[in-house]
Visitor: 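First, the structure itself, so that you have it in front of you.
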Amino acid sequence: MFDFRFAINSFPKILSVAPTTIVLSIIATLIGLILAILIVIIRERKIKVLDSIAAIYVSFIRGTPIIVQLYVVYYGLPQLLVALRGMGINTNSNGLPVILIAILAYSFNASANISESIRSAYHSVDYQQYEAAVSVGMKPTRAMTRIVVPQLITNLIPNFSNLFLDLIKDTAIVYNIGIVEIMAKANIMSSLGFKYIETYLDALIIYVFICWFFAKLFQIFEIIARKRISHTQEFV
Amino acid sequence: MLLDIKNIKKTLKNNHVLKGIDLSIEKGEVVAIIGPSGSGKTTLLRNINFLETADSGMMKFRDQQIDMAKPSKEKILWTRRHMAMVFQNYNLFKNKTALENISEGLIFGQNMEKKTAESLAEAALNQVGLIDKKDFYPSQLSGGQQQRIGIARATVLNPDIVLFDEPTSALDPELVGTVLRDMKQLAEKGQTMIVVTHQMSFARNVADRVIFFADGEIIEQGNAEEVFDHPQNDRTRKFLSAIAEDY
Amino acid sequence: MKSKKRIIVYGVIAIAVIILILTGALHNSSKANSNSSVTTISVAGPDNNRPYTYPDNGKIGGYYGALLGRIDQDLKQYKFKQTTTAQNSVFVGLQSGKYDLAVSNWWYSKDRFNTYLHSTSNGLDDLRLITKKGGKTANSLKDIATKKLTLAPISTDDARYAFIQDYNKKNPKYKINLKGIGDQSAGDALKQVSNGQYDVAIYPYAAYKPVSSTSEGTKLRVSKSIGLENSYFLLNKSDKNEKLLKALNKELKKLKDNGYLGKITKKYLYENTFEFPGANSTFNTDPTK
Amino acid sequence: MKLSRIITTLLSGLPVTLTLLVFSFIFAAAIGLGIAWLSLRNSAVCYNISRLYLGLVRGTPPLLMLLLAYYGLPKLFLLVGININDWSKLLFGIVGLSVGWSGYLSEAFRSAYLSVDQGQYEAALVVGMNPSDAFWRIIMPQTVLIALPNIENLVIGLVKATSLVYVIGLVDMYSSATDLSNQNQGVYQLEIFVVLALIYWMIVLAIEWVFRSIKKEYQYVTV
């Protein structure tokens with residue numbers, strides 16, 4: 001029943017698209033990170049109107065499944081572009097590459113989650129650290145970048161690592177809009193003979209390994225970061 | 001003899017924290033243990049209450065003989081139910097109100113009815129003048145109030161001995177007085193107490209016996225006058241002169 | 001170095017556990033049937049394949065719902081327990097033996113027939129090419145290749161995906177650029193043709209027909225039939241199912257002969273493909289030739 | 001299509017979604033506690049077992065976890081001669097989600113437990129409580145309180161993960177939505193998915209409100 005040869009033959013083919021999964025996750029996380037920093041600045045500085053909009057945006061994204069978000073962007077974006085065209089703005093709704101849609105959807109998703117993590121990491125930095133930095137004559141921005149941000153980043157890493165791993169696993173549904181990543185390749189390999197268990201096992205092994213690898217990587221980052229600020233921490 | 005400890009030894013990371021201590025306490029006695037920090041005073045208390053296990057040593061408490069290196073679960077529980085302890089950091093249960101903090105030990109340590117326990121706890125709170133705080137959580141109370149509730153929590157159990165582990169060290173100076181007053185009252189009622197403290201005034205004025213403790217050993221002991229005014233040992237003298245301004 | 005060794009050990013244990021679980025999952029314990037004379041057959045169909053199969057109050061609706069109902073009635077010795085789920089899931093279940101029988105318009109592929117037991121034909125699908133009105137036209141698969149038309153992505157779980165793969169294998173000179181996608185409705189795919197994102201889509205007539213009346217659908221043009229495809233029941237390989245298969249094949253022949261297949265084809269699939277020229281010679285041809 | 005039809009159709013899947021949510025959370029919490037307990041015991045074997053479990057469970061996409069639960073578990077049970085093929089799909093959905101979430105919950109419990117002040121336990125012992133009373137009455141409530149923000153995030157994640165049970169053919173809100181969309185050849189997709197998103201959002205807002213209330217209730221318990 002279990003076709004080992006098929007499982008073994010499929011493995012390299014499924015592995016060959018793993019970069020798609022990883023690159024999509026990394027790009028979405030990076031864009032998400034930039035958006036998240038903007039959101040955090042807006043929310044921590046309590047910029048009028050924008051603050052409320054950002055809060056609602058984050059709440060909405062955190063409150064809806066990624067697959068629903070994916071579909072809303074997938075179906076909504078072309079319609080939005082058509083509507084914009086109707087208003088005289090020159091847009092081309094056709095031929096919008098699906099990879100763009102996927103990156104957009106996952107970036108939005110990541111931005112909301114990351115912004116919440118950054119905020120909690122920011123609040124966990126002792127405010128006296130900032131005061132101490134300013135009191136020795138640092139400019140506020142410099143106090144932020146030299147004293148607060150390095151500590152914030154250290155606090156952020158474990159959460160960030162979790163979010164990134166979740167994102168990797170969440171990309172397993174992106175084949176629903178036609179991107180060939182690990183799950184899609186597993187499905188494609190299976191379609192000819194309708195044998196799914198073998199390819200899903202391959203996919204599972206690949207996912208577990210990728211997640212394990214990145215978890216370790218982030219752990220190493222954390223250790224390095226902790227070492228660098230350990231002297232400050234010990235005296236707190 | 002209420003408590004008689006023989007030759008208790010404890011090593012932590014190749015460091016001899018307790019180097020074979022003998023200690024006997026009479027019923028009603030108030031013993032103050034003073035000495036430099038890191039000398040093993042706290043460790044001694046924690047070993048008596050089995051929060052840590054000694055490497056060797058025998059303890060006779062009331063009529064029970066206990067091997068301090070291999071205490072049975074039953075003996076540990078029995079010992080704890082006849083002793084009480086007050087901590088440096090109060091250690092009030094953060095998820096319980098002032099009243100519950102006191103009643104908890106009665107209900108779950110001494111299997112008392114909840115009603116009875118609560119009325120006893122209220123009486124204890126009344127005695128320390130904090131009855132109006134009975135539904136407050138520790139985070140809503142000052143350090144002094146927390147420690148006085150900590151003492152009430154210990155004494156309401158009607159223990160044979162109360163162990164005090166630097167009960168005033170974490171307090172702001174202006175709050176130390178109220179706690180010391182409670183302790184003094186307790187001593188006057190004839191409660192047996194072992195008090196590890198840095199408050200020389202308390203040791204001098206309240207304790208029946210003062211023990212100077214350094215490097216895991218009892219260097220010198222006697223009544224307050226003997227230890228404070230006529231110390232026999234060099235180290236005692238050095239210690240006392242170093243903290244001279246305090247007494 | 002020690003940690004590296006530990007990692008390898010963990011890895012080996014992890015993989016061993018996964019394999020254990022999966023071989024456990026595949027351990028096909030087709031136990032002897034109970035003494036009762038009625039054998040329960042668990043049947044699964046995709047939940048997203050109108051008008052062939054769809055969920056209908058916990059049972060299978062559509063063409064195959066009707067067909068199953070009739071077979072269940074006729075074969076007294078069997079009782080069908082029906083369920084619908086995602087299509088890839090149907091086959092995970094069929095492969096693992098959780099389901100005995102998978103129903104939908106499954107077409108021939110060599111691997112499929114090797115992996116599973118298959119019945120004789122249970123229906124005829126009429127394949128069409130759908131293009132945009134006023135846009136590029138295609139009347140055969142070869143057209144798509146020679147005119148370099150873009151083909152709308154096909155659900156990888158779909159029979160059409162393997163159908164094009166098969167075509168490409170047989171016609172290396174006129175290869176079609178095939179893109180895969182997850183679960184997708186015909187409405188979706190055809191919308192992409194009507195708005196010009198892709199030039200052409202391939203669908204059975206029955207999937208195109210309901211879309212044709214929607215606002216997007218009116219912008220579409222449909223080709224003449226480009227071929228008839230037989231569809232088959234697929235069954236998990238077991239002794240119990242070998243027996244079922246014989247009964248099924250006998251029953252299918254009866255339903256073809258008495259016109260029931262034609263009747264439900266007309267009812268659910270909008271046209272009676274059995275009346276097409278060449279239908280009789282196509283039905284139940286040996287697909288391996 | 002009328003908005004009311006969309007809403008009523010989607011809401012028909014709500015009971016399944018909520019059942020999945022509640023029971024999966026309860027079981028995930030129970031398994032998570034067990035794993036956390038294993039990892040905190042002074043035993044290398046227990047620790048390694050818990051690490052292995054976490055590595056596997058946390059590396060597995062929930063979608064695959066559900067497939068494994070639905071198709072793999074009955075086979076495992078058959079090996080020991082128990083036939084669970086007739087269990088309802090809902091049960092398998094709950095099992096899949098519970099196992100998937102147990103890893104996260106166990107980490108939340110573990111880290112919260114480690115951050116409870118050791119003095120709290122000692123204080124409970126010295127007033128004469130036996131260790132299990134001390135654990136359940138003092139340590140556990142504080143652990144839960146510390147873990148609360150993490151638990152809230154995980155519950156919200158679980159709400160969203162319930163949408164994946166379509167893969168084993170359970171008709172929850174998400175499946176109702178896709179089926180409604182398919183019935184109409186995908187013409188009203190955008191409307192349906194926007195409504196679906198809003199309903200999920202409402203559920204999450206309600207959950208956030210519940211957790212806010214709990215936090216307010218225990219605002220003075222600063223652990």
Side-chain angles (χ1 to χ4, degrees), chain B residues 45-46 48-52 73-74 76-98 100-112 117 121 135-141 146 149-150 152-159 161-163 165 170, chain D residues 29 32-33 36-37 40-44 105 108-152 210-223:
Chain B
L45 286 196
R46 292 169 61 82
I48 294 175
N49 216 342
F50 301 109
L51 292 176
E52 290 172 29
K73 277 184 187 165
E74 293 75 26
I76 291 177
L77 203 58
W78 178 84
T79 308
R80 284 177 181 154
R81 286 183 176 172
H82 291 90
M83 280 188 196
M85 186 163 180
V86 175
F87 294 87
Q88 179 176 359
N89 299 317
Y90 337 128
N91 284 348
L92 291 193
F93 305 129
K94 293 171 183 173
N95 57 327
K96 303 282 173 192
T97 60
E100 288 168 338
N101 258 283
I102 299 173
S103 64
E104 202 78 353
L106 293 171
I107 301 171
F108 291 92
Q110 310 197 338
N111 301 319
M112 204 175 272
D135 291 327
F136 282 42
Y137 284 96
S139 69
Q140 295 166 283
L141 301 168
Q146 287 190 55
I149 290 168
R153 173 173 77 177
T155 52
V156 79
L157 300 169
N158 202 13
I161 302 180
V162 184
L163 310 173
D165 182 12
Chain D
L33 277 176
W37 175 78
L40 288 165
R41 293 193 58 183
N42 268 335
S43 149
L105 276 164
F109 286 134
R110 198 175 78 96
S111 66
Y113 175 82
L114 289 176
S115 59
V116 172
D117 186 359
Q118 180 67 22
Q120 295 286 311
Y121 185 60
E122 293 181 350
L125 293 182
V126 302
V127 300
M129 286 193 192
N130 62 41
S132 78
D133 278 338
F135 177 77
W136 287 108
R137 299 205 39 93
I138 306 298
I139 303 303
M140 199 56 198
Q142 297 192 26
T143 303
V144 169
L145 227 58
I146 293 175
L148 213 55
N150 262 330
I151 292 176
E152 179 179 356
V210 169
F211 275 88
R212 253 204 315 281
S213 313
I214 297 175
K215 270 182 229 159
K216 213 171 157 195
E217 178 83 3
Y218 292 102
Q219 58 181 321
Y220 296 117
V221 183
T222 47
V223 282

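Below, chains carry the letters A, B, ... as their sequence lines are ordered, and counting in each starts from 1.
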Visitor: Taking all atoms of both residues into account, what is the closest heavy-atom pair of Ala123(D) and Asn91(B), and its distance?
Guide: CB-O, 3.3 Å
Visitor: Flag the one option from Leu163(B), Val156(B), Asn89(B), Leu92(B) with the top tally of heavy-atom pairs under 4.5 Å to chain D.
Guide: Leu92(B)
Visitor: Checking Ala134(D) against chain B: side chain, backbone, both or neither under 4.5 Å from a heavy atom?
Guide: neither
Visitor: Non-hydrogen atoms of chain D under 4.5 Å away: do they reach the side chain of Phe93(B), the backbone, both or neither?
Guide: both
Visitor: Which bit of Ile107(B) is near chain D, if near means a heavy-atom gap under 4.5 Å: side chain, backbone, both or neither?
Guide: neither
Visitor: Check whether Lys96(B) gets within reach of chain D through its side chain, its backbone, both or neither, counting any heavy atom under 4.5 Å.
Guide: side chain
Visitor: Which answer fits Asp117(D), side chain, backbone, both or neither, if we ask what part of it has an atom under 4.5 Å from a heavy atom of chain B?
Guide: side chain
Visitor: Can you tell me which portion of Gln110(B) sits under 4.5 Å from chain D's heavy atoms? Options are side chain, backbone, both or neither.
Guide: neither
Visitor: Do you know which two heavy atoms are closest between Asn95(B) and Val221(D), and how far apart they sit?
Guide: CA-CG1, 3.5 Å
Visitor: Please flag which part of Met85(B) lies under 4.5 Å from any non-hydrogen atom of chain D: side chain, backbone, both or neither.
Guide: both
Visitor: Assess whether side chain to side chain contact (heavy atoms under 4.5 Å, CB included) is satisfied between Arg153(B) and Val127(D), documenting all intermediate values.
Guide: CA-CA 8 Å; Arg153(B) 173 173 77 177; Val127(D) 300; 3.8 Å; yes
Visitor: From Asn130(D) CG over to Arg80(B) CZ, what is the distance, rounded to the nearest 0.5 angstrom?
Guide: 10.5 Å
